[in-house]
Amino acid sequence: MSETRKKVHLVVGARPNFMKISPLYREFRKFPEKFRIKLIHTGQHYDSRMSNFFFHDLRLPQPDEYLEVGSGTHGEQTARIMERYERVLQEDRPDLVIVAGDVNSTVACALDAVKMHIQVAHLEAGLRSFDRSMPEEINRILTDAVSDYLLTPSPDADQNLIREGISPEKIHFVGNIMIDALIEHKVKATQSEILSTYGLQQKKYALITLHRPANVDIETSLSKILNAFRAISRKIKLVFPIHPRTRKQLSLFHLDHAAAEIPDLLLLEPVGYFDFIKLQMEAKFILTDSGGIQEESTWFGIPCLTLRPNTERPITISEGTNQLIRLDTDAIIEAVETILQGNVKKGTIPRFWDGNTAARVVKIFR
Ligand code: UD1
Ligand code: UDP
């Protein structure tokens with residue numbers, strides 16, 4: 001194999017990175033004469049249910065480098081990633097580093113690469129919540145500022161970047177890479193047996209995920225949410241695969257028993273990708289604070305209540321099925337009742353959320 005191949009690092013670290021990088025990994029591998037691909041896993045997420053499960057479901061190979069950074073404060077985690085990834089970069093000297101999304105691994109690896117004069121591409125660039133109290137917003141702004149290629153999922157992202165003074169030739173509207181993964185694995189997900197495992201019936205339950213610090217790291221916030229669940233669960237079964245941060249906070253606030261005692265609230269460990277997609281497809285509605293789930297639910301046309309004051313993904317509201325709700329027990333109950341009465345938001349699928357984003361990305365580098 002010729003040494004003229006472009007050396008590319010694809011970086012993953014946390015759960016939402018795996019489904020963004022896997023379609024790209026496969027697309028790059030179609031051109032072995034042009035690219036030598038390495039998969040780098042920082043280890044920001046490390047529980048098998050937050051990491052290994054996705055390598056299995058998404059058919060990703062073992063990472064070429066596993067940095068084992070684990071959890072910590074923002075400073076500790078970011079620093080640890082930077083130290084360890086810099087050593088990998090010194091050894092390997094890739095031509096291009098591709099980072100995805102807005103987690104600490106994204107910004108840490110982008111900073112390492114740009115300081116070594118290695119080109120950086122940011123997948124899912126340009127999204128803005130305009131809320132700097134969210135760590136992800138800081139990660140987005142910084143990553144975009146140092147990236148050479150800004151690969152955007154929607155036109156609002158292009159506009160945000162232009163407004164920040166980023167030169168238009170760096171910006172490429174490629175579409176939503178998460179939807180590539182969804183389309184690729186939809187059939188497999190349909191075959192998941194998670195509904196029968198837990199005795200669930202189509203459209204007879206709501207799916208919940210929560211992990212934002214503003215919702216789960218503050219005791220009064222988490223209590224308000226649980227009070228809403230207690231009321232809603234009298235009307236519809238709730239299925240809640242719990243993120244490890246949320247599990248930890250429930251126990252810290254001694255709210256775990258209160259949660260376990262809510263009838264018809266099914267608390268699960270985080271589930272694998274196929275099972276989660278199946279749970280989304282068949283849900284009556286979704287209640288979440290996740291970034292990616294706002295997009296997936298829009299693609300499926302399932303009503304989504306997002307428990308946040310803002311979103312960096314406004315297209316899921318203007319075109320999709322998403323709707324923001326305030327962190328208030330009555331507001332949550334009211335929004336759910338509206339859906340249960342049949343008043344659901346209909347949406348359309350945004351442009352370039354079509355399963356061909358990875359191909360558009362790789363074409364840029366070919
Ligand atoms: C991270 C991202 C967030 C993303 C989310 C996706 C940042 C700043 N945050 O949040 O943007 O939406 O991932 O899920 O990058 N833990 C485990 N096992 C694990 C991973 C985490 O037990 O495999 C626990 C640890 O107690 C840890 C806590 O969860 O301290 C939080 O993990 P961390 O990676 O810091 O942030 P997330 O809340 O997962
Ligand atoms: N997901 C999953 N299992 C779960 C919860 C989520 O497979 O138990 C998937 C979901 O389908 C989506 C991604 O994880 O593809 C979203 O990740 P997360 O909500 O952790 O992060 P965010 O998008 O908020 O950054």
Side-chain angles (χ1 to χ4, degrees), residues 12-23 41-54 56-58 68-78 80-81 99-109 124 127 129 134-140 142-143 176-182 185-186 189 192 194 207-217 239-252 267-281 283 286 288-297 299-300 302 304 306-308 311-313 316:
V12 292
R15 178 168 68 187
N17 296 148
F18 305 121
M19 52 295 284
K20 293 173 192 169
I21 288 297
S22 79
H41 187 352
T42 66
Q44 175 173 347
H45 284 176
Y46 44 87
D47 286 352
S48 58
R49 289 176 169 275
M50 298 298 286
S51 175
N52 283 4
F53 272 36
F54 297 93
H56 175 265
D57 281 1
L58 298 163
E68 292 185 84
V69 300
S71 302
T73 64
H74 284 277
E76 285 166 352
Q77 190 175 57
T78 310
R80 224 179 286 143
I81 299 168
V99 295
D102 54 16
V103 300
N104 285 346
S105 301
T106 312
V107 67
C109 294
E124 207 181 84
L127 296 182
S129 65
M134 290 182 69
E136 293 81 5
E137 184 75 352
I138 309 297
N139 294 345
R140 291 180 203 115
L142 294 180
T143 306
N176 192 325
I177 195 86
M178 262 195 140
I179 304 304
D180 280 30
L182 208 60
H185 298 287
K186 197 167 52 110
S192 151
I194 187 136
L207 178 63
I208 295 170
T209 80
L210 294 172
H211 65 271
R212 295 289 159 210
N215 287 333
V216 306
D217 285 6
V239 180
F240 187 7
I242 306 186
H243 190 284
R245 173 190 285 276
T246 311
R247 172 78 73 186
K248 191 174 78 178
Q249 293 306 118
L250 277 172
S251 134
L252 189 74
L267 299 172
L268 302 177
E269 293 296 313
V271 299
Y273 187 67
F274 298 154
D275 287 342
F276 195 79
I277 295 301
K278 175 76 171 181
L279 284 173
Q280 283 197 74
M281 289 159 88
I286 296 167
T288 190
D289 58 13
S290 157
I293 296 166
Q294 296 173 60
E295 298 176 337
E296 290 171 342
S297 54
W299 195 82
F300 281 123
I302 307 282
C304 180
T306 297
L307 196 52
R308 284 180 43 187
T311 178
E312 62 290 335
R313 292 161 160 91
T316 60

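All ligand and atom numbering here is 1-based and tracks the order in the structure.
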Side-chain heavy-atom pair Leu182, Tyr273 within 4.5 angstrom cut-off: yes

Could you say whether the N/O atoms of Asn139 and ligand 1 ever approach to under 3.5 Å? no

N or O pair under 3.5 Å between Glu296 and ligand 2: yes

Heavy atom under 4.0 Å from ligand 2: found in Arg212's side chain, backbone, both, or neither? side chain

Nearest heavy atom to atom 3 (N) of ligand 2: which of Asp289, Val271, Leu182 does it belong to? Val271

Could you tell me the residue and atom name of the protein heavy atom closest to atom 9 (N) of ligand 1, and the distance to it rounded to 0.1 Å? Glu136 OE2, 3.7 Å

Where on Arg245 is there a heavy atom closer than 4.0 Å to ligand 1, on the side chain, on the backbone, on both, or on neither? both

Closest protein heavy atom (residue, atom, distance) for atom 30 (O) of ligand 1: Lys248 NZ, 3.4 Å

Could you tell me, atom by atom, which parts of ligand 2 come under 4.0 Å of a heavy atom of Pro241? 8 (O)

Any N/O pair Arg15/ligand 1 closer than 3.5 Å: no

Protein contact of atom 19 (O) of ligand 2 - nearest heavy atom, named by residue and atom, plus distance: Ser290 OG, 2.8 Å

State whether the shortest distance between N or O atoms of Gly291 and N or O atoms of ligand 2 falls below 3.5 angstrom. yes

Please work out whether any backbone atom (N, CA, C, O) or any side-chain heavy atom from C-beta onward of Arg49 is under 4.0 Å from ligand 2, and answer side chain, backbone, both or neither. neither

What I want to find out is whether Arg308 reaches Asp289 closely enough, with some N-O distance under 4.0 Å, to be called a salt bridge. no

Check Pro16 against ligand 1 and report side chain, backbone, both or neither, counting heavy atoms closer than 4.0 Å. side chain

Proximal ligand 1 atoms for His243, defined as those under 4.0 Å from one of its heavy atoms: 14 (O), 37 (P), 38 (O), 39 (O)

Return the CD to CZ distance between Glu269 and Arg247, rounded to the nearest 0.5 Å. 4.5 Å

